[in-house]
Amino acid sequence: MKKGCSFVLIMAMLISLMGCALLQEQQPEEENYAYEQFAPKADNGQADIYLITKGYKNFYWDTLREGAKDAAENYGCNLYVAGTPSESHLEILAELMEDAVEAGADAIIVSPADIPEIAKAVDQVKKAGIPLVFVDTILNGKEFDVCYATDNMQAGRLAAKETLKLLRQNGRKDTELLTVGIDIGMAESQTILERLAGFQEYWSDYAPKSWKVIEDIKINNGNIELAEKQGYEFMDSKRDLAGLVGLNNGSTVGLARSVVQRARTDLVLVGFDYSEEMEQLITGGEYRAASIVQRQRAMGYYGVEQAVKLSAGGSVEHRYVDTGVQQVDHDNVNSLYIQEVINGK
């Protein structure tokens, strides 16, 4: 499949592959975490903005909330934050949206996912007449006011481009037989589906014919420990494994841990976001690694900025805003511009 390949065909192929992976992979039992709940509502006459994320305690969501808090301070609103313990607790995300409606939110900011419970909660938000802002992920077919997110098709293409670049830097020849494994967090996320489609589109257009993406796309459902385990599974099952790709933060962290634990300096790793694990690989010099860094701080800041405006009866100029991505690797990590991107400036 070369240039001009159908987006629809790629998406159908990816969904089929993920269905197979879901059947093959068993999810280990997780601890029964308590999720993060909203603080008590203030009574100071300021707008009450509720921010809900599918995941809470990791670098990506921490940075997004920092941007949101900066905006709340600048625009003089009350910001209530909550989130699920991981992306495998999506039903809790829906419950938190319902809680925000019941609390009388003036606007709700949420990172959604495509499951019936969340679709129902979105309907409740709009029925209540509450402005709804999406961050990180869009939910097609549902009403919302504005979405701040990455162009995930382009991000997936960029991840594939970096993978090809690093493989060649690692001495791999175009005529060599090799494989690359992909690990993702969720099969229900349009964000992930778009990144997968973008990756496969670019790979099919530009990768040598002898370089193959492993059809068993592994799904960890937001469990970093499982993502690490899946990294070992790729290594143990594929002698010709040359690279690993994580298409979200948790998957990337798990794969990075597996690569370091096995000291697999022969593998390249491309992931998303700038966690401590990726910083170690990119700056250490022993490994060839790159990360696609999103502007999640901007998502949080603009999300609150727009939520305040909407709660006061304002309107939006554009319903979808691409906040941009930037590849970070050993060649550019020390530049002033990249350091500003990493730090969310």
Side-chain angles (χ1 to χ4, degrees), residues 38-39 41-54 60-61 63-83 93-115 117-155 189-191 193-194 294-325 344-345:
F38 300 115
K41 192 172 179 180
D43 185 17
N44 55 12
Q46 295 181 339
D48 295 315
I49 310 300
Y50 285 70
L51 170 62
I52 309 164
T53 56
K54 55 175 182 281
Y60 183 84
W61 298 118
T63 306
L64 188 147
R65 280 191 301 274
E66 287 173 6
K69 291 174 181 176
D70 287 345
E73 183 175 345
N74 289 342
Y75 287 94
C77 68
N78 301 315
L79 180 66
Y80 307 93
V81 297
L93 191 73
E95 293 171 8
L96 289 167
M97 293 175 68
E98 293 167 0
D99 290 346
V101 172
E102 292 177 4
D106 291 309
I108 295 174
I109 307 167
V110 65
S111 56
D114 190 12
I115 65 169
E117 293 90 340
I118 292 176
K120 180 181 177 182
V122 167
D123 290 340
Q124 290 179 337
V125 173
K126 298 312 295 179
K127 185 177 180 180
I130 300 172
L132 180 61
V133 177
F134 288 155
V135 290
D136 176 74
T137 308
I138 198 169
L139 194 60
N140 281 337
K142 287 296 174 185
E143 287 297 319
F144 64 95
D145 291 282
V146 62
C147 176
Y148 294 96
T150 298
D151 180 342
N152 287 297
M153 280 287 292
Q154 181 58 27
S189 169
Q190 184 168 329
T191 291
L193 289 176
E194 290 175 356
Q294 302 178 85
R295 305 293 181 85
Q296 68 267 31
R297 183 187 291 269
M299 294 179 199
Y301 189 95
Y302 294 142
V304 169
E305 179 183 56
Q306 192 65 65
V308 172
K309 181 179 179 181
L310 289 166
S311 70
S315 60
V316 298
E317 184 176 354
H318 303 287
R319 293 188 72 228
Y320 180 85
V321 179
D322 173 21
T323 49
V325 291
K345 296 181 179 178

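Values below: all heavy atoms of this structure, side chains included; hydrogens, waters and symmetry mates excluded. Fair warning: this is a prediction, and the values are worked out from it, not measured in the lab.
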Min side-chain heavy-atom separation [X]-[Y] under 4.5 Å:
X      : Y      : result
Tyr301 : Tyr75  : yes
Phe38  : Asp99  : yes
Gln190 : Leu139 : no
Asp145 : Arg319 : no
Val135 : Val110 : no
Gln296 : Asp136 : no
Ile52  : Met97  : yes
Ile138 : Tyr320 : yes

- Query: Between the side chains of Thr137 and Ser111, does any donor sit under 3.5 Å from an acceptor?
  - Reply: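 There is no such pair (donor and acceptor under 3.5 Å, judged by atom type) between the side chains of Thr137 and Ser111.
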- Query: Tyr50 and Asp106: side-chain donor and acceptor closer than 3.5 Å?
  - Reply: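 On atom types as modelled, these side chains do not qualify, holding no pair under 3.5 Å.
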- Query: Could Asp48 and Lys41 be called an ion pair, given the rule that one side-chain N must be under 4.0 Å from one carboxylate O?
  - Reply: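 Yes, Asp48 and Lys41 are salt-bridged.
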- Item | Side-chain ion pair, Asp70 and Arg65, N-O less than 4.0 Å |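 Salt bridge flag = no for Arg65 with Asp70.
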Any chance you could measure [X], atom [atom1], to [Y], atom [atom2], to the nearest 0.5 Å?
X      : Y      : atom1 : atom2 : answer
Glu117 : Lys120 : CD    : NZ    : 9.0 Å
Lys54  : Ser189 : NZ    : OG    : 5.0 Å
Leu132 : Cys147 : CG    : SG    : 9.5 Å
Thr150 : Gln294 : OG1   : CD    : 3.5 Å
Ile49  : Leu79  : CD1   : CG    : 8.0 Å
Glu66  : Trp61  : CD    : CH2   : 14.0 Å

Which atom of [X] lies closest to which atom of [Y], heavy atoms considered:
X      : Y      : value
Ala107 : Ile130 : CA-CG2, 3.7 Å
Ala100 : Ile108 : CB-CD1, 3.7 Å
Ala71  : Glu305 : CB-N, 4.3 Å
Leu310 : Gly314 : CD2-O, 3.5 Å

- Message: For Lys69, give me all partners under side chain to side chain donor-acceptor pair (under 3.5 Å), at least two apart in sequence or on another chain.
- Response: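 Counting only residues at least two positions away or on another chain, Lys69 forms no side chain to side chain donor-acceptor pair (under 3.5 Å).
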- Message: Looking at Asp322, is its backbone amide N or carbonyl O close enough to the side chain of Asp151 to form a donor-acceptor pair, meaning the two atoms are under 3.5 Å apart?
- Response: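 A pair under 3.5 Å: no.
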[X], [atom1] atom: more than 12 neighbouring heavy atoms under 6.0 Å:
X      : atom1 : value
Tyr302 : OH    : no
Asn44  : CG    : yes
Glu143 : CD    : no

- Output, in order, the C-alpha distance, side-chain angles, deciding distance and verdict of side-chain contact (heavy atoms from CB on, under 4.5 Å) for Met299 and Leu64. CA-CA 6 Å; Met299 294 179 199; Leu64 188 147; 4.1 Å; yes
- Is the Phe134-Tyr148 ring centre distance short of 6.0 angstrom?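 Here the rings of Tyr148 and Phe134 have centres that are no less than 6.0 Å from each other.
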